[in-house]
Amino acid sequence: MKVSWTPYALESYESVIDQLFINWNIDIVERFENEIEALIEKIEKHNYICPKSKIYNLHRCVINKHNSLVYRLKDLDSIEIILVIFNKSEHIF
């Protein structure tokens, strides 16, 4: 299964990483990166593992208590990461 990231997803992911570096340490950053990788591997094997969001054709997965990942299935063999969001922020997902 092919996984791609939208430019906005990459930007939001990098923003989370930056905030973790500023407020925490490298161990927390590595843990977050490992959580993302593990989640994407699960999504690749089980495409519908995460519930649909309020927006049609998008799925929202909780990465940890602070962050979630939004993705969509583009076709039978392609997943597109749409956004990484802070769970306490106001968002439409």
Side-chain angles (χ1 to χ4, degrees):
M1 175 116 345
K2 180 184 173 198
V3 176
S4 62
W5 291 65
T6 64
Y8 195 61
L10 289 172
E11 181 181 317
S12 63
Y13 174 74
E14 290 171 0
S15 176
V16 170
I17 295 293
D18 289 344
Q19 289 300 313
L20 291 174
F21 268 124
I22 292 168
N23 297 310
W24 299 97
N25 59 41
I26 189 70
D27 294 334
I28 300 298
V29 172
E30 288 176 352
R31 184 184 319 162
F32 178 72
E33 289 176 335
N34 291 336
E35 290 170 335
I36 289 269
E37 288 176 25
L39 179 58
I40 290 173
E41 287 175 13
K42 287 178 187 175
I43 294 169
E44 286 178 306
K45 293 177 185 171
H46 309 285
N47 303 150
Y48 297 97
I49 194 169
C50 299
K52 280 200 169 203
S53 76
K54 296 174 187 174
I55 299 175
Y56 180 72
N57 201 29
L58 298 178
H59 296 264
R60 179 177 174 221
C61 299
V62 175
I63 301 166
N64 55 43
K65 68 181 183 179
H66 302 290
N67 299 287
S68 292
L69 179 137
V70 178
Y71 72 95
R72 72 176 172 169
L73 302 170
K74 287 184 74 173
D75 49 46
L76 294 176
D77 63 344
S78 180
I79 296 169
E80 183 175 45
I81 309 297
I82 304 296
L83 184 62
V84 177
I85 55 175
F86 182 62
N87 291 334
K88 292 184 181 181
S89 66
E90 291 188 29
H91 51 75
I92 58 177
F93 303 105

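This structure is a prediction, so every number in the text was calculated from the model and none was measured.
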So CD1 of Ile49 and CG of Leu39: to nearest 0.5 Å the spacing works out to 7.5 Å
Look at the side-chain heavy atoms of Ile, Leu, Val, Met, Phe, Trp and Tyr, link any pair under 4.5 Å apart, and say whether [X] and [Y] land in one connected group.
X	Y	answer
Tyr48	Met1	yes
Tyr13	Leu69	yes
Ile26	Val16	yes
Ile17	Ile40	yes

Residue set satisfying side-chain hydrogen bond (donor to acceptor under 3.5 Å, both in side chains) with Asn47, at least two apart, ordered chain then number -> none
Validation: residues 2-10 side-chain donor-acceptor distances under 3.5 Å, sequence neighbours left out:
{"unit_1": "Thr6", "atom_1": "OG1", "unit_2": "Ala9", "atom_2": "N", "d": "3.0"}
{"unit_1": "Thr6", "atom_1": "OG1", "unit_2": "Ile81", "atom_2": "O", "d": "3.4"}
{"unit_1": "Thr6", "atom_1": "OG1", "unit_2": "Ile82", "atom_2": "O", "d": "3.0"}

Quick note, disulfide bond (SG atoms under 2.5 Å apart) partners involving residues 27-57, not counting sequence neighbours, are Cys50-Cys61
**Prompt:** Side-chain contact, heavy-atom cut-off 4.5 Å: Ile79 with His59?
**Reply:** no
Q) Does Ile85 reach the side chain of Asn67, with side-chain heavy atoms less than 4.5 Å apart? A) no
Tell me whether the count of non-hydrogen atoms from other residues, nucleotides or ligands lying under 6.0 Å of CD1 in Ile22 goes above 12. yes
- Task: Kindly check if the number of other-residue, nucleotide or ligand heavy atoms within 6.0 Å of NZ (Lys42) is above 12?
- Result: no
Please list every donor-acceptor pair under 3.5 Å in which a side-chain atom of residues 28-38 meets a protein atom from a residue at least two apart or in another chain.
{"unit_1": "Asn34", "atom_1": "ND2", "unit_2": "Glu30", "atom_2": "O", "d": "3.2"}
{"unit_1": "Glu35", "atom_1": "OE1", "unit_2": "Asn64", "atom_2": "ND2", "d": "2.9"}

Between Ser68 and the options Leu83, Val84, Val62, the side-chain contact (heavy atoms from CB on, under 4.5 Å) test singles out Val62
For residues 14-24, the side-chain hydrogen bond (donor to acceptor under 3.5 Å, both in side chains) pairs (sequence neighbours left out) are Gln19-Asn23
Review point. Once the angle between the rings of His66 and Phe86 is folded into 0 to 90°, is it parallel (under 30°), tilted (30 to 60°) or perpendicular (over 60°)?
Key: parallel
Salt bridge (charged side-chain N to carboxylate O under 4.0 Å, His left out) pairs touching residues 67-85, sequence neighbours excluded, are Arg72-Glu80
